[in-house]
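These notes concern the structure reproduced below.
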Amino acid sequence: MALITCTDLSFSYEGKTVASHINFTVNEGDYLCIVGENGSGKSTLMKGLLGLKQPDGGSIVFGDGLSANELGYLPQQTAIQKDFPASVYEVVLSGCMNQCGLRPRYSRQLKDLARLNIRRMGMDAYTHSCYGSLSGGQQQRVLLARALCATRRILLLDEPVNGLDPLVTAEMYETIRRINSEYHIAVIMVSHDVQSALAYASHILHLNNTPEFFGTAADYKKSQASRLFLGGDARD
Amino acid sequence: MIEQILVIFSYDFMRRAIAAGILISLCAALLGVTLVLKRYSMIGDGLSHVGFGALAVATVLNLAPLAVTIPVVIAAAFLLLRLNESGKMRGDAAIALISTSALSMGVMAISLTEGMNTDVMNYLFGSILAMSREDVYLCVALSIVVLILYGFFYNKIFAVTFDESFARATGTKASLYNMLIAILTAVTIVLGMRMMGTLLISSLIIFPALTSMRLCSRFQTVVISAAVVSVICFLAGIYVSFVYNTPAGATVVLANLFVFLVSVILGHFRHR
């Protein structure tokens, strides 16, 4: 069974439909990229998957033993205050909240999990640094470590490279690829960077309020939808 | 100085006021860090005005002041959060609307009775003598409840303060904890406003948090430092107000302002 199955999903804001007829599945180990223009419903779909927005119709079914609380999530950079006084360790540890229940303190295992994920993201030298004093790329790594604490199965990323310089962007894509292939965590990424999406993703969902395309990245390159979106020269 | 401190502690009402004041300062400082970081600072101010209105009406109707005020202010806190979350009205506008309405109702209630001018002054600017023995007991009990709840939910409060949508997405009931923060704030404000005054109580929430954020870079140290700063400023303020016979609430606020300015200067040097 698939990790996530979306059937005829639709969303609206104040009665105005922004996305509809969305059908797709995400399986164990998939790397799905959701692409589309601004206002095509990408971010709304992401909010729907995270349970932050109720769909108007259709269904989102979590399968394969995945529960709706076990999603790792990397929000858009702008969603978090830059000057928040918190150490890297405090931020990453807060990702373990979904395994804490009502207990007031984090267990030793969860603290170890936080340290492990800080190390995995190469941030161990900054464990006790202030989150706000880090560079944009470093902050993203910290938030990735936090997301990895929250999940073992699937990671949702909302425009993860927005506002990063080209070098850091390349590093970020490499890190996400590593998370997908080495840690066997499925990835769903919203992005408007189609070229990189094609380079890394296994599957593409092209949204333009309704899905223009859903399938493997290889098929997408041959499709009509990509030719319109990429401007015709994507076939090489 | 030691002699004067002994004199202060020889008065029954001073001992009570200090005990209640320390606990209120602690509660206000802890909650203040969250409120400032969540951009909810003005909620404290709005709620204190609602508190004034409720207190005035309760006095006119001869009802027990705290028993009426606390539920009314908690209800106002609920309402403010709802308006904020639903996005139907801008949060700051909602606060201004509710606080001025409550203030006017309080003033109307007072104007219906005569000869209450000193009481009005006490409500607005606080009085150390305003707390009866029963008030102090209630105050101590409720402050301890606030502190215990804050300690118990500390990690969740951090998660919801740092990134509400992440917390929500991973199954933390963010609106529940927002509600908890609002209720704890409402209780703290009502308890503190008799002594500090409705116009001044919100400073107890905002100043220690701002001071500590200048100096500390971890959430935990910010919270601890805010608690320490708040209690020290309160004690210093009470001492000065006793020795120089100045109003307690205003003196405590000025002590907080002084420490804040020192922290601005220190922070400036540290970040160079």
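Order of the sequence lines fixes the chain letters, A, B, ..., with proteins taken first and strands second; residue numbering starts at 1 for each chain.
In this pair, A:Phe84 and B:Phe158 present their aromatic rings perpendicular. The plane angle is above 60°, beyond the 30 to 60° band.
Chain B forms more heavy-atom pairs under 4.5 Å with one residue of A:Arg105, A:Lys47, A:Arg103 than with any other, namely A:Arg105. Looking only at heavy-atom pairs under 4.5 Å with chain B, the residue among A:Leu49, A:Val88, A:Val91 that has the most is A:Val91. Of the listed residues (B:Thr221, B:Thr161, B:Val33), the one with the most heavy-atom contacts under 4.5 Å to chain A is B:Thr161. Interface summary for chain B: among A:Leu156, A:Leu93, A:Leu102, the most heavy-atom pairs under 4.5 angstrom belong to A:Leu102.
The aromatic ring centroids of B:Phe219 and B:Phe162 lie 6.0 Å or more from each other.
If you run side-chain contact (heavy atoms from CB on, under 4.5 Å) between A:Phe214 and each of A:Ile22, A:Leu32, A:Leu207, only A:Leu32 comes through. Among A:Val26, A:Leu71, A:Leu205, A:Leu45, the single residue meeting the side-chain contact (heavy atoms from CB on, under 4.5 Å) criterion with A:Ile188 is A:Val26.
Residues A:Asn117 and A:Arg120 bring a donor and an acceptor atom of their side chains to less than 3.5 Å of each other.
In this structure, chain B has heavy atoms under 4.5 Å from both the backbone and the side chain of A:Ala86. In this structure, the portions of B:Gln220 lying under 4.5 Å from any heavy atom of chain A include both its backbone and its side chain. Heavy-atom distances place the side chain of B:Phe153, and not its backbone, under 4.5 Å from chain A. The part of B:Thr172 that comes within reach of chain A is its side chain, from C-beta onward, which places non-hydrogen atoms under 4.5 angstrom from that chain. Contact of A:Tyr89 with chain B is not made at all, since no heavy-atom distance falls under 4.5 Å. Interface residue B:Phe152: backbone and side-chain heavy atoms are both found under 4.5 Å from chain A.
A salt bridge links A:Arg146 with B:Asp163: the closest approach of a Lys/Arg side-chain nitrogen to an acidic carboxylate oxygen falls below 4.0 angstrom.
Atom CZ of B:Phe258 has 12 or fewer heavy atoms from other residues, nucleotides or ligands within 6.0 Å.
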